[in-house]
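Everything below concerns the one structure shown next.
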Amino acid sequence: MEDFIERVLITEEEIRQRVRELGEAISRDYAGKELRVVGVLRGAFIFMADLVRNIRVPLSVDFMSISSYGDECETSGVVRILKDLDKPITGRHVLIVEDIVDTGLTLRHLKEVLSTRGPASLKVCALLSKPERRLVQDLTIDYLGFEIPNCFVVGYGLDYAERYRNYPFIFVLKPDYYHDAQREGKGQCG
Ligand code: IMP
């Protein structure tokens with residue numbers, strides 16, 4: 001095992017199985033409809049690629065890139081759009097695909113922005129959720145991969161300082177590999 005891995009939280013096989021189940025549920029729920037799948041860059045790119053290959057209704061994809069205002073440690077909930085959608089979503093059945101819902105501030109803002117554009121429906125599929133960290137109480141995640149404890153995770157698209165996105169499983173880094181103000185508490189969980 002790689003030296004920087006403290007512990008694997010979700011294996012490649014567990015992810016594959018769960019993504020298949022999510023794809024089946026989405027295919028059932030949207031039967032007879034056409035879907036616009038909106039990926040939130042960059043963290044969701046691997047999850048989204050696997051998810052759409054498990055969905056069996058007609059769909060198109062689009063991407064947004066966002067960054068949250070605020071300092072390194074806390075998201076402020078105000079989201080800056082770095083790259084907007086290429087196509088309008090008016091009248092479309094939109095499914096937002098997110099990597100992880102932490103405080104929930106980012107997703108709440110994103111839902112607010114997209115709902116003003118008149119989609120026929122707007123739902124969310126997130127790979128991970130950390131309920132202990134939630135600040136937004138009434139946030140619905142329509143399709144969720146896994147609930148995880150309050151720890152910082154990387155792999156399968158998720159990064160720390162832009163690294164580790166390429167690993168096919170989800171893991172916790174050894175504390176020595178964090179080099180910022182958030183280091184405290186990052187390695188310990190559950
Ligand atoms: P929220 O607004 O606090 O829900 O933050 C959501 C965003 O924070 C995610 O889309 C990720 O980019 C980032 N994030 C939160 N927790 C983690 C983590 O454990 N690993 C990697 N990125 C994370």
Side-chain angles (χ1 to χ4, degrees), residues 2 4-11 14-15 18 37-51 62-85 95-115 122-175 177-190:
E2 309 276 2
F4 48 78
I5 297 176
E6 170 98 7
R7 128 174 122 98
V8 174
L9 211 60
I10 309 171
T11 66
E14 287 169 331
I15 295 172
R18 190 71 190 114
V37 184
V38 169
V40 184
L41 297 172
R42 288 181 289 270
F45 80 112
I46 290 180
F47 174 44
M48 172 141 156
D50 284 344
L51 182 70
D62 206 342
F63 295 92
M64 275 182 105
S65 180
I66 56 176
S67 86
S68 46
Y69 287 110
D71 60 27
E72 284 266 304
C73 295
E74 288 302 325
T75 43
S76 63
V78 180
V79 173
R80 189 159 51 111
I81 298 176
L82 302 177
K83 181 219 169 291
D84 205 341
L85 296 174
L95 181 67
I96 300 171
V97 177
E98 257 283 27
D99 54 355
I100 183 164
V101 183
D102 189 22
T103 62
L105 291 166
T106 305
L107 184 59
R108 180 177 67 183
H109 189 82
L110 194 60
K111 280 178 91 170
E112 279 168 11
V113 168
L114 295 187
S115 61
L122 183 62
K123 286 190 176 183
V124 176
C125 179
L127 176 67
L128 304 172
S129 169
K130 292 185 208 172
E132 283 172 52
R133 294 257 309 163
R134 196 77 85 250
L135 294 177
V136 183
Q137 296 310 331
D138 56 348
L139 193 66
T140 305
I141 304 173
D142 304 277
Y143 305 95
L144 176 64
F146 303 91
E147 279 194 355
I148 61 166
N150 179 15
C151 53
F152 195 86
V153 293
V154 295
Y156 197 67
L158 289 103
D159 76 306
Y160 170 67
E162 291 304 323
R163 300 182 70 178
Y164 313 107
R165 294 191 198 272
N166 49 316
Y167 290 86
F169 45 85
I170 290 165
F171 62 100
V172 179
L173 274 178
K174 282 189 181 150
Y177 287 83
Y178 296 112
H179 49 75
D180 65 5
Q182 295 175 42
R183 175 175 164 161
E184 207 167 299
K186 256 188 179 162
Q188 304 123 32
C189 57

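One-based numbering along the sequence shown. Since the structure is predicted, the reported quantities are computational estimates derived from the model, not experimental observations. Numbering of ligands and ligand atoms starts at 1, following listing order.
- Checked by atom type and distance alone, the side chain of Arg18 pairs as donor or acceptor with a backbone atom of Gly145 at under 3.5 Å.
- Aromatic ring orientation, Tyr164 versus Phe4: tilted (interplanar angle from 30° to 60°).
- Heavy-atom distances between Lys130 and ligand 1 reach below 4.0 Å in at least one pair.
- The N/O atoms of Leu158, backbone and side chain alike, include none that comes under 3.5 Å of an N/O atom in ligand 1.
- For Ile148, the heavy-atom gap to ligand 1 stays at 4.0 angstrom or more.
- Between Phe152 and Tyr160, the ring planes lie perpendicular to each other; the angle is over 60°, past the 30° to 60° tilted range.
- Under a 4.0 Å heavy-atom criterion, Gly104 is in contact with ligand 1.
- Other residues, nucleotides and ligands contribute over 12 non-hydrogen atoms within 6.0 Å of the CZ atom of Arg134.
- Taking only nitrogen or oxygen atoms, main chain and side chain alike, Asp99 reaches within less than 3.5 Å of ligand 1.
- In this structure, Cys151 is part of the shell of residues with a heavy atom less than 4.0 angstrom from ligand 1.
- In this structure a side-chain-to-backbone donor-acceptor pair under 3.5 Å is missing from Asp142 to Cys125.
- A donor-acceptor pair is defined here as one N or O able to donate and one able to accept, closer than 3.5 Å; such a pair exists between the side chain of Lys130 and the backbone of Cys151.
- The heavy atom nearest to atom 2 (O) of ligand 1, out of those in Leu9, Val154, Leu105, Thr106, is found in Thr106.
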